[in-house]
Participant: 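Can you read through this structure? Questions will come right after.
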Amino acid sequence: MTLLNHRLDGQAHGTPLILGPSLGTSLAVWEPQLPALTRHHRVLRYDLPGHGSSPTALLGGRAPGATTVGDLASLVLDLADHHGWDTFHYAGVSLGGAIGAHLAVHRPQRVSSLALVCSSAHFGEPAAWQERAGQVRAHGTRPLLEATARRWFADAETAGSLAGKALLADLAAADPSAYAACCDALASYDLRDRLGRTTTPTLVVAGRDDPATPPSHARELADLIPGAGLTEIAGAAHLAGIERPEALASALLSHFGCGETRTAGTAVRRAVLGSAHVDRATARTTAFSAAFQDFITRYAWGEIWSRPGLDRRTRSCVTLTALVAHGHHDELALHVRAALTNGLTPDEIGEVLLQTAVYCGVPAANSAFAVAQRVLDDALSKE
């Protein structure tokens, strides 16, 4: 099977995330967000047919006007199937976002969550897209460069940057028939009467200075999709991720990353501290303490305890020492129990506390031995 050109980044065990490009660009449009998104995700970026390194032949010689967003979405599903991804997160810019919205409507079981960046439920009247398709079939994409630069970038300096020039070069190099076919797909695309049935968790992102899909398009998407979040990025036009890379990365991490980190953190917290403790802490959570509990789960357990650089035995030793140093006796008792769970023996715990006598002080170690003795006696009585 011939597939769309694509690239995989991030650790092999990361959660699958597919990133779709906008019309006229390549997978390079997502380059600025890769360092952030690959921390927890296996990221797949693809080129549209006839864009970047994807073959035009993937469109199967369709007649002018025949290509739909559904056809493009099928090519994306082929990529997911090729890599064995039954479900995946998805983010797309403009046409790439339309592909994601189509999947969320027609194949909701495949899309875990969705981010629509500078996209729309309907990209305007079909006649404008049909006219552009005809012009490109006749004259290629180079005549579009000047007007496209004004749509893509709010700041002329961005258009002249290395990233801006590279993306405009991608537009110039796009196959005219494939670009025109994508215009045909946009001409027939309209999900306004279907998005209300969408159950996929969705974030909508707008560039505040985007003339191609203005913030009103984003607000319409957010109003149509149940529970959708909405973020507007100041100082950004259609390619908001190029002009304001950190702002887009932050929005996507909040949408994709927090859920994954929270899930991983909860699992590690239960494994180390025990489900009974976590259940009690959850039951005691109030509106006042909820944000702190979420912070601990994501940051301490999802980010730090989940890192591969130290095993859990070692992390227990470090944690015990820090708690002794600061005299946090309630937490110390909790983490003595956790140290047993993580494989430390009572003798090894004693060695750690003896070490603290040298560097944290004898009184601190004396109190720590008393706390640990109570925990160990309790654990022995339950054996």
Side-chain angles (χ1 to χ4, degrees), residues 10-17 36-42 87-89 112-113 201 250 252-346 348-353 356 360 367-368 371-383:
Q11 298 183 23
H13 64 269
T15 304
L17 169 60
L37 295 178
T38 52
R39 290 183 62 191
H40 297 288
H41 295 89
R42 181 66 162 168
T87 60
F88 48 85
H89 300 287
S112 302
S113 62
S250 177
L252 294 177
L253 283 178
S254 294
H255 183 58
F256 294 131
C258 286
E260 297 295 334
T261 305
R262 187 182 297 109
T263 299
T266 298
V268 175
R269 191 180 185 187
R270 288 185 180 277
V272 174
L273 300 182
S275 290
H277 169 81
V278 176
D279 289 341
R280 287 193 299 270
T282 301
R284 291 194 301 267
T285 300
T286 65
F288 180 70
S289 64
F292 178 72
Q293 286 296 322
D294 180 67
F295 166 78
I296 289 297
T297 301
R298 288 188 293 105
Y299 184 62
W301 298 103
E303 291 281 351
I304 304 304
W305 276 86
S306 299
R307 291 178 63 84
L310 296 175
D311 59 29
R312 290 181 186 172
R313 281 172 49 88
T314 304
R315 291 191 185 279
S316 276
C317 293
V318 173
T319 302
L320 292 175
T321 302
L323 293 173
V324 172
H326 288 277
H328 298 312
H329 293 155
D330 289 342
E331 289 284 318
L332 177 61
L334 176 67
H335 277 277
V336 169
R337 286 190 288 271
L340 293 171
T341 300
N342 286 339
L344 288 173
T345 67
E348 288 172 327
I349 292 172
E351 288 297 326
V352 171
L353 298 184
T356 67
C360 301
S367 298
V371 170
Q373 188 67 66
R374 290 195 297 270
V375 174
L376 296 174
D377 289 345
D378 182 63
L380 182 62
S381 69
K382 293 177 180 178
E383 291 183 353

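All values derive from a computational prediction rather than experimental measurement.
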Participant: Show your working on side chain to side chain contact (heavy atoms under 4.5 Å, CB included) between Phe88 and Thr15 and close with a plain yes or no.
Facilitator: CA-CA 7 Å; Phe88 48 85; Thr15 304; over 6 Å; no

Participant: Can you name the ring-ring contact (aromatic ring centres under 6.0 Å, His included) partners of Phe292, sequence neighbours left out?
Facilitator: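 Expected list: none.
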
Participant: Find the distance between CD (Gln293) and OG1 (Thr266) and round it off to the nearest 0.5 Å.
Facilitator: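 Taking CD in Gln293 and OG1 in Thr266, the distance rounds to 10.0 Å.
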
Participant: Identify, with sequence neighbours excluded, every residue that meets side-chain contact (heavy atoms from CB on, under 4.5 Å) alongside Ser306.
Facilitator: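 Only Val268 meet the side-chain contact (heavy atoms from CB on, under 4.5 Å) criterion with Ser306.
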
Participant: What I want to check is whether the side chains of Thr297 and Arg269 have a donor and an acceptor closer together than 3.5 Å.
Facilitator: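 Yes.
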
Participant: Quick one: list whatever passes side-chain hydrogen bond (donor to acceptor under 3.5 Å, both in side chains) with Ser113, sequence neighbours left out.
Facilitator: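 Once residues adjacent in sequence are excluded, the partners of Ser113 under the side-chain hydrogen bond (donor to acceptor under 3.5 Å, both in side chains) criterion are His89.
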
Participant: Enumerate, atom names and distances included, each donor-acceptor pair closer than 3.5 Å involving a side-chain atom of residues 330-344, sequence neighbours excluded.
Facilitator:
| from | atom 1 | to | atom 2 | distance (Å) |
| --- | --- | --- | --- | --- |
| Thr341 | OG1 | Arg337 | O | 3.3 |
| Asn342 | ND2 | Ser316 | OG | 2.8 |

Participant: Calculate, to the nearest 0.5 Å, the distance between atoms OG1 and NE2 belonging to Thr321 and His326 respectively.
Facilitator: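 Thr321 OG1 to His326 NE2: 11.0 Å, rounded to 0.5 Å.
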
Participant: List for me each residue that meets salt bridge (Lys or Arg N to Asp or Glu O under 4.0 Å) alongside Arg313, sequence neighbours excluded, and say none if there are none.
Facilitator: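 For Arg313 the salt bridge (Lys or Arg N to Asp or Glu O under 4.0 Å) partners, ignoring immediate neighbours, are Glu348.
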
Participant: In chain order, what residues pass the side-chain contact (heavy atoms from CB on, under 4.5 Å) check against Arg315, with sequence neighbours excluded?
Facilitator: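 Partners of Arg315 by the side-chain contact (heavy atoms from CB on, under 4.5 Å) criterion, ordered by chain and then number, come out as Ile304, Trp305, Arg307, Leu310.
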
Participant: Salt bridge (Lys or Arg N to Asp or Glu O under 4.0 Å) with Arg270: which residues, sequence neighbours excluded?
Facilitator: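 Here the qualifying residues are Asp279.
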
Participant: Under the 3.5 angstrom rule, does the side chain of Arg42 hit a backbone N or O of Gly10 as a donor-acceptor pair?
Facilitator: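 Yes, Arg42 side chain to Gly10 backbone: donor-acceptor pair under 3.5 Å.
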
Participant: Partners of Thr314 by side-chain hydrogen bond (donor to acceptor under 3.5 Å, both in side chains), sequence neighbours excluded?
Facilitator: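 side-chain hydrogen bond (donor to acceptor under 3.5 Å, both in side chains) check on Thr314 returns Asp311.
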
Participant: Considering residues at least two apart in sequence or located in another chain, which fulfil the side-chain contact (heavy atoms from CB on, under 4.5 Å) criterion with Ala325?
Facilitator: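 Listed in chain order: Cys360.
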
Participant: With sequence neighbours excluded, tell me which residues meet ring-ring contact (aromatic ring centres under 6.0 Å, His included) with His329.
Facilitator: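 Partners of His329 under the ring-ring contact (aromatic ring centres under 6.0 Å, His included) test: none.
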
Participant: Can you list everything that forms a salt bridge (Lys or Arg N to Asp or Glu O under 4.0 Å) with Glu303? Sequence neighbours excluded, please.
Facilitator: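 Checked Glu303 against salt bridge (Lys or Arg N to Asp or Glu O under 4.0 Å); matches are Arg39.
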
Participant: Name all residues meeting the ring-ring contact (aromatic ring centres under 6.0 Å, His included) criterion together with His277; count only those two or more places apart in sequence or in a different chain, and write none if there are none.
Facilitator: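 None.
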
Participant: To the nearest 0.5 Å, tell me how far Leu37 CG sits from Phe256 CZ.
Facilitator: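 It comes to 8.0 Å.
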
Participant: For Ala271 and Arg312, work out which heavy atoms get closest and say how close.
Facilitator: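 In terms of heavy atoms, the two residues are closest at CB-NH1, 3.5 Å.
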
